[in-house]
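This report concerns only the one structure given below.
In this chain, residues are counted from 1 in sequence order.
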Amino acid sequence: MISKYFSPAWVLALNLLLFSSCLNSSSEDVEYSPDAQIYAFSLSSTTDTTDVLSDTEFTIDQINGKIFNKEPLPYLFHVDSVLLNITASSTYYPFSAVKLTLNPDSSYYWTETDSVDVNRLQRITTTAPDGLTNKSYDFELRIHQEDPYILSWEQKKSDYLPLPFDSQKTIAFKNRFITYLKSGSSIKALSSDASDGTNWSTVNPTGLPPTLTLSSLTPTQAAVFGLDSTTGTVYQSSDGVNWGKVITPYTVKAIYGELPLATHGAILAAAEIDGQLTFVQTDDFTVLTSLNKVPTNLPVKDFSVTKVDLPEFYSKYLIITGGTTTENLFNNVVWILLENNGSITHIHSRIPNTISLIGSSLFFYDDKPYLMTSASGKNKLMYSENFGLDWVETAENQLFPENFTQRTSASVITDEDNYIWIFGGISGTQTQLADIWRGRLNKFDTN
């Protein structure tokens, strides 16, 4: 006897020939596939009005025999019955049988039209087209058991900075946190591993003038830049400790940060050129590429900035808020800056006029921009679902704890482990704070 495996089309053709004529015998027998693997799996339910279930992607672990959704379904999601969509290796000869095992112990053979109690579904056992080979898959429908959008906070340090000091700024640079302090005529600094944030050591920065504007400190991958706003002089450091003056072709008035999709240098800044405040782009401030005029009332000092640079979206830009203008007026507008055909264009976010942006802090978290504001004796968070155009307040599950001191001008940093770090700031009584807070959404807690 000669045994062969045929493609589904050939198997179908041979079956038709054998059925239509029994007179012609053959020494060749058709052997059906022993492949019992599930190649695609999905669920749907008529009671799932939001189509969350039908859009859920399931992982099929062929080695360990498991089917599960890697991304858990929303908190409190519930359906009783579902329809299964199970795909075999061949549409011509699917499984000869599919058995479902439910919890508590019961089982039955499934047909495509069966409604299945998904909350009891425990195992799926398939029988290959050959009628002999079996494969079992443990099934798990993962659902968030706690509200994934609760933002939990803890105070990491209560008094980590030497008092007194006049201003402060914390940056993340080369896997370290560095907090700079201006105290009288000197600038001091402390450093900590960015994965810790609790053990700090004193460092002695050199080459920085006492007139440096700490809020201007801007880290890039290669260096940290800072600006003396009184003279327009830029300073640079490759380690955050040893600093040197940069000779610039123009007087620099503001450093806005690394601009996504930049074509004339990674850093966007503002410089005084021919008597006009002009956008410039640069890599290290030794060469400044002039662009277009800076719009009136764009802040140039003490502002907060965050970058929108998601790989899956084409739009990439900077969001800027707070700070003061060249006329020393407070800025209460959220600006969106992006490069378009060799110039910097801008739009204003839609945010309620009742929100004060003085001393507010921007940061990017959970694939969206967040804004920490201060009013009525407390801080609150706002966020934007459309990347900075419209802003709404967070719900009660993202409130700050009762013992979180109201503050403005805090340094807010997010890290690769999805933590939000808040360093110091200025209290409602206008005193410098020396504490550290860390928060994270429940959805990122893997413990």
Side-chain angles (χ1 to χ4, degrees), residues 1-48 50-73 77-143 312:
M1 179 182 295
I2 302 173
S3 297
K4 295 183 179 178
Y5 288 105
F6 294 95
S7 67
W10 276 103
V11 171
L12 179 60
L14 287 171
N15 281 343
L16 292 174
L17 287 172
L18 290 171
F19 180 79
S20 62
S21 175
C22 297
L23 297 177
N24 296 327
S25 62
S26 173
S27 61
E28 296 183 348
D29 291 336
V30 177
E31 186 171 315
Y32 292 98
S33 170
D35 188 353
Q37 291 188 138
I38 294 176
Y39 283 84
F41 181 89
S42 63
L43 300 178
S44 62
S45 174
T46 56
T47 60
D48 177 22
T50 59
D51 290 329
V52 170
L53 198 59
S54 58
D55 291 337
T56 300
E57 295 184 2
F58 286 87
T59 297
I60 304 173
D61 184 344
Q62 304 289 6
I63 297 176
N64 297 301
K66 296 181 182 295
I67 296 177
F68 59 93
N69 51 312
K70 186 176 181 180
E71 179 64 31
L73 295 175
F77 178 87
H78 178 81
V79 292
D80 288 318
S81 61
V82 300
L83 292 177
L84 306 185
N85 183 18
I86 301 174
T87 303
S89 61
S90 169
T91 57
Y92 293 102
Y93 288 92
F95 303 118
S96 63
V98 175
K99 185 172 73 172
L100 304 182
T101 301
L102 305 183
N103 187 18
D105 191 23
S106 65
S107 62
Y108 66 93
Y109 286 97
W110 168 81
T111 63
E112 291 185 7
T113 58
D114 287 340
S115 293
V116 178
D117 187 346
V118 71
N119 301 301
R120 296 176 56 202
L121 182 58
Q122 185 176 12
R123 185 175 296 108
I124 302 170
T125 302
T126 57
T127 303
D130 66 2
L132 299 173
T133 310
N134 302 112
K135 186 170 180 62
S136 292
Y137 296 87
D138 292 329
F139 174 78
E140 181 185 5
L141 184 64
R142 297 179 176 179
I143 301 173
E312 61 269 29

Under 3.5 Å, is there a donor-acceptor pair between the side chain of [X] and the main chain of [Y]?
X    : Y    : value
S96  : A128 : yes
D35  : Q37  : yes
K135 : Q62  : yes

Between [X] and [Y], what is the shortest heavy-atom contact and its length?
X   : Y    : value
Y39 : S89  : CE1-CB, 3.4 Å
N69 : P72  : ND2-CA, 3.8 Å
S44 : S54  : CB-CB, 4.5 Å
K66 : Y137 : N-CD2, 3.9 Å

| task | Identify which one of T126, T125, T101 satisfies the side-chain hydrogen bond (donor to acceptor under 3.5 Å, both in side chains) criterion when paired with S136. | result |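 In the set T126, T125, T101, the residue that makes a side-chain hydrogen bond (donor to acceptor under 3.5 Å, both in side chains) with S136 is T125.
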In Å, rounded to the nearest 0.5 Å, how long is the span from [atom1] of [X] to [atom2] of [Y]?
X    : Y    : atom1 : atom2 : result
L121 : E140 : CG    : CD    : 11.5 Å
L102 : Q122 : CG    : CD    : 8.5 Å
D138 : N64  : CG    : CG    : 9.5 Å
R142 : T59  : CZ    : OG1   : 8.0 Å

Side-chain donor-acceptor contacts of residues 77-86 below 3.5 Å, not counting sequence neighbours, with atom names and distances?
| unit_1 | atom_1 | unit_2 | atom_2 | d |
| --- | --- | --- | --- | --- |
| H78 | NE2 | D80 | OD1 | 2.9 |
| N85 | ND2 | S42 | OG | 3.4 |

For the residue pair [X] and [Y], establish whether any side-chain heavy-atom pair is separated by less than 4.5 Å.
X    : Y   : value
L141 : L43 : yes
I38  : T87 : no
T127 : F95 : no
L132 : Y32 : no

| query | Does OH belonging to Y109 count more than 12 external heavy atoms closer than 6.0 Å? | reply |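 Counting neighbours around OH of Y109, 12 or fewer heavy atoms of other residues, nucleotides or ligands fall under 6.0 Å, so no.
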| said: Can you classify the ring geometry of F41 versus F58 as parallel (below 30°), tilted (30 to 60°) or perpendicular (above 60°)? | reply: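 F41 vs F58 ring planes: perpendicular.
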| said: One pair to check against side-chain contact (heavy atoms from CB on, under 4.5 Å): I67 and D61. What are the steps and the verdict? | reply: CA-CA 6 Å; I67 296 177; D61 184 344; over 6 Å; no
| task | Say whether T50 and D48, considering side chains only, have a donor N or O and an acceptor N or O under 3.5 Å apart. | result |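 D48 and T50 do have a side-chain donor-acceptor pair below 3.5 Å.
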